[in-house]
Amino acid sequence: MTLFEKLRCLLTFGQGVALPLPDISEQTTPIELFGQWFDDAKKSGILLPEAMSVSSCDQNGQPSSRMVLLKEFNDDGFVFYTNYASRKSQNLNENNKIALLFHWNVLQRQVRIEGRVEKVTPEQSEQYFHSRDRGSQIGAWASKQSSPLASKEALKQSEAYYTKKFAGQEVPLPEFWGGWRIKPHYLEFWQGRANRLHDRICFEQEQNQDDKKVLWHQFKLNP
């Protein structure tokens with residue numbers, strides 16, 4: 001966040017301000033459009049515009065959703081980090097299909113993303129892990145995410161143990177912690193309009209059999 005974006009966030013209490021809708025040409029790729037909308041969300045002053053809902057299903061088809069923070073996106077996909085022993089990671093190990101949802105209320109916009117996941121490399125996970133503050137690094141070791149917690153005191157004791165264990169040294173990357181990359185095959189950009197005649201611009205991945213290059217089919221849906 002730039003200083004201006006931080007000031008706007010402060011002045012709007014993190015609610016943001018509306019911005020005009022950019023033009024969407026037939027040549028626009030979904031990643032390019034997401035980048036434009038994400039920049040607009042940051043410029044608007046919304047608190048944590050990178051917050052997204054991650055939905056997964058277990059092997060029995062039971063869906064579950066939770067909010068996480070987007071840490072990176074490019075043509076290779078969308079990346080977030082978590083404990084690999086958490087419930088969401090267990091779901092993704094059993095069923096690699098996933099859905100993401102971004103909702104920026106003040107802009108009357110949302111983005112739906114569907115695809116499959118893969119783990120990022122240990123090197124990428126380690127690089128991001130060491131960019132976090134030390135307290136968060138210790139916390140990754142201290143918390144057995146999604147497992148039953150005996151008491152708050154037990155969590156404090158675990159935090160104290162790892163704080164002492166890694167005192168005076170770099171906190172190593174836990175083998176049970178890292179990133180997931182979402183490889184999208186469908187994206188839908190929703191823009192609110194008057195009379196509920198909203199815009200729904202969709203991109204669906206298609207395969208070029210000649211050169212194996214990934215292409216995107218752009219189309220619109222009725223609101």
Side-chain angles (χ1 to χ4, degrees), residues 30-31 34 38 48-104 110-132 136-152 154-155 158-159 161-162 171-190 200 202-207 212 214-217 221:
I31 301 302
F34 181 85
F38 189 59
L48 294 178
E50 67 271 30
M52 61 182 181
S53 171
V54 171
S55 297
S56 58
C57 287
D58 64 18
Q59 59 185 350
N60 297 316
Q62 175 60 53
S64 59
S65 301
R66 73 289 290 164
M67 300 300 293
V68 305
L69 299 181
L70 175 70
K71 293 301 179 181
E72 176 188 329
F73 71 91
N74 52 38
D75 289 337
D76 290 331
F78 299 77
V79 176
F80 70 92
Y81 292 86
T82 188
N83 188 311
Y84 284 146
S86 65
R87 179 181 178 185
K88 58 181 169 293
S89 289
Q90 291 175 15
N91 285 174
L92 296 173
N93 281 322
E94 296 171 355
N95 182 342
N96 69 351
K97 295 180 180 179
I98 192 170
L100 309 178
L101 173 64
F102 293 85
H103 178 65
W104 301 306
Q110 69 176 21
V111 182
R112 295 177 52 229
I113 301 171
E114 298 175 5
R116 297 176 183 272
V117 295
E118 63 183 21
K119 289 181 178 179
V120 306
T121 64
E123 291 77 17
Q124 184 175 347
S125 291
E126 184 166 24
Q127 182 178 16
Y128 172 70
F129 183 77
H130 288 126
S131 74
R132 307 172 88 208
S136 295
Q137 294 178 39
I138 294 292
W141 280 95
S143 174
K144 297 180 179 179
Q145 195 176 114
S146 299
S147 65
L149 178 63
S151 66
K152 290 184 65 174
L155 186 59
S158 181
E159 180 184 20
Y161 170 80
Y162 286 107
V171 180
L173 171 71
E175 62 180 12
F176 52 80
W177 195 95
W180 288 102
R181 177 181 289 106
I182 294 85
K183 308 284 285 187
H185 57 71
Y186 176 83
L187 299 92
E188 179 184 321
F189 296 81
W190 181 96
R200 296 175 67 185
C202 306
F203 295 82
E204 193 165 39
Q205 193 178 84
E206 54 186 33
Q207 195 76 32
K212 305 300 181 181
V214 173
L215 301 176
W216 291 96
H217 171 53
L221 295 177

Student: What distance separates E206 CD from L215 CG, expressed to the nearest 0.5 Å?
Tutor: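 Here the interatomic distance stands at 5.5 Å.
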Student: Taking the side chain as every heavy atom from C-beta outward, state whether K71 and F78 have any atom pair closer than 4.5 Å.
Tutor: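 Of all side-chain heavy-atom pairs linking F78 with K71, none is under 4.5 Å.
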Student: Looking only at atom types and distance, does a side-chain atom of S146 sit under 3.5 Å from a main-chain N or O of R87, one as donor and one as acceptor?
Tutor: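 Yes, the answer is positive, given that a donor and an acceptor are paired below the 3.5 Å cut-off.
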Student: Are the side chains of S55 and P63 in contact, using a 4.5 Å heavy-atom criterion?
Tutor: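 A side-chain contact is absent here, since even the closest heavy-atom pair is not under 4.5 Å.
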Student: From Y186 OH over to E204 CD, what is the distance, rounded to the nearest 0.5 angstrom?
Tutor: 7.5 Å
Student: Could you report the tightest heavy-atom contact between L70 and V79, atom names first, then the distance?
Tutor: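 Looks like CD1-O, 3.6 Å.
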Student: How close do S64 and N91 get, counting heavy atoms only, and between which atoms?
Tutor: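 Answer, listing the atom of S64 first, then N91: OG-OD1, 3.1 Å.
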Student: Who pairs with Y84 by ring pair (Phe, Tyr, Trp, His ring centres under 6.0 Å), at least two apart in sequence or on another chain?
Tutor: W180
Student: Dump the intermediate steps for salt bridge (charged side-chain N to carboxylate O under 4.0 Å, His left out) on E118 and R116, then the final yes or no.
Tutor: CA-CA 7 Å; E118 63 183 21; R116 297 176 183 272; over 6 Å; no
Student: Go through the structure and list residues passing ring pair (Phe, Tyr, Trp, His ring centres under 6.0 Å) with F203, not counting sequence neighbours.
Tutor: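 Scan of F203 (ring pair (Phe, Tyr, Trp, His ring centres under 6.0 Å), adjacent residues dropped) gives F189.
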Student: Backbone N or O of P172 within a donor-acceptor pair of the Q137 side chain at under 3.5 Å?
Tutor: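 Not a single qualifying donor-acceptor pair exists.
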Student: Can you confirm whether N74 sits close enough to I31 that some side-chain heavy atom of one is under 4.5 Å from a side-chain heavy atom of the other?
Tutor: no
Student: Which residues pass the ring pair (Phe, Tyr, Trp, His ring centres under 6.0 Å) test with W177, sequence neighbours left out?
Tutor: Y81, F129
Student: Would you find more than 12 non-hydrogen atoms of other residues, nucleotides or ligands less than 6.0 Å from K144 atom NZ?
Tutor: no
Student: Going by heavy atoms in the side chains, are I138 and E159 under 4.5 Å from each other?
Tutor: yes
Student: Once you round to the nearest 0.5 Å, how far does CD of Q90 lie from CD of Q59?
Tutor: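 So the gap between those two atoms works out to 10.5 Å.
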Student: Any ring-ring contact (aromatic ring centres under 6.0 Å, His included) pairs touching residues 48-71, not counting sequence neighbours?
Tutor: none
Student: Once you round to the nearest 0.5 Å, how far does CZ of R181 lie from CD1 of I98?
Tutor: 12.5 Å
Student: Please verify the inter-ring angle class for W104 with F102; under 30° counts as parallel, over 60° as perpendicular, anything in between as tilted.
Tutor: tilted
Student: Does any part of the side chain of N93, heavy atoms only, come nearer than 4.5 Å to the side chain of K119, both counted from C-beta?
Tutor: yes
Student: Check the pair E50, M52 against side-chain contact (heavy atoms from CB on, under 4.5 Å), reporting the backbone distance first and the verdict last.
Tutor: CA-CA 6 Å; E50 67 271 30; M52 61 182 181; over 6 Å; no
Student: I would like to know whether R66 and S56 meet side-chain hydrogen bond (donor to acceptor under 3.5 Å, both in side chains); could you show each step before the answer?
Tutor: CA-CA 9 Å; R66 73 289 290 164; S56 58; 3.1 Å; yes
Student: Just to verify, what does Q145 make a side-chain hydrogen bond (donor to acceptor under 3.5 Å, both in side chains) with, not counting sequence neighbours?
Tutor: T82, K88
Student: So, taking the atom named CG in L92 and the one named OG in S86, what distance separates them when rounded to the nearest 0.5 Å?
Tutor: 8.0 Å
Student: Where do E114 and K97 land on the side-chain contact (heavy atoms from CB on, under 4.5 Å) test, with the steps shown first?
Tutor: CA-CA 8 Å; E114 298 175 5; K97 295 180 180 179; over 6 Å; no
Student: So which heavy atom on L69 is nearest to which on A51, and how close?
Tutor: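 Scanning both residues completely, I find the closest heavy atoms to be CD2-CA, 3.8 Å.
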Student: Flag the pair V120 / F80 as yes when at least one side-chain heavy-atom distance between them is below 4.5 Å, and no otherwise.
Tutor: no
Student: So, N83 versus S89: side-chain donor-acceptor pair below 3.5 Å or not?
Tutor: no
Student: With a 6.0 Å cut-off (strictly less than), is the heavy-atom count around CG of D75, excluding the residue itself, greater than 12?
Tutor: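 No, the 6.0 Å shell around CG holds no more than 12 heavy atoms from other groups.
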Student: Going by ring pair (Phe, Tyr, Trp, His ring centres under 6.0 Å), name the residues that satisfy it together with W141, two or more places apart in sequence or in a different chain.
Tutor: Y162, F166, F176
Student: Return yes if some donor-acceptor pair links the side-chain N/O of S131 with the main-chain N/O of Y128 below 3.5 Å, else return no.
Tutor: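 Side chain of S131 to backbone of Y128: a pair is present.
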Student: Take a 6.0 Å sphere around CD of E94 and say whether it holds more than 12 heavy atoms from other residues, nucleotides or ligands.
Tutor: yes
Student: Is the side chain of S125 donor-acceptor paired with the backbone N or O of G178 at a distance under 3.5 Å, no angle test?
Tutor: no
Student: Checking side-chain polar atoms at under 3.5 Å, does E188 have a donor or acceptor matched by the opposite partner on Q110?
Tutor: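 No, Q110 and E188 have no side-chain donor paired with an acceptor closer than 3.5 Å.
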Student: Rounded at 0.5 Å granularity, tell me how far CH2 in W216 sits from NE2 in H185.
Tutor: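 Here the interatomic distance stands at 8.5 Å.
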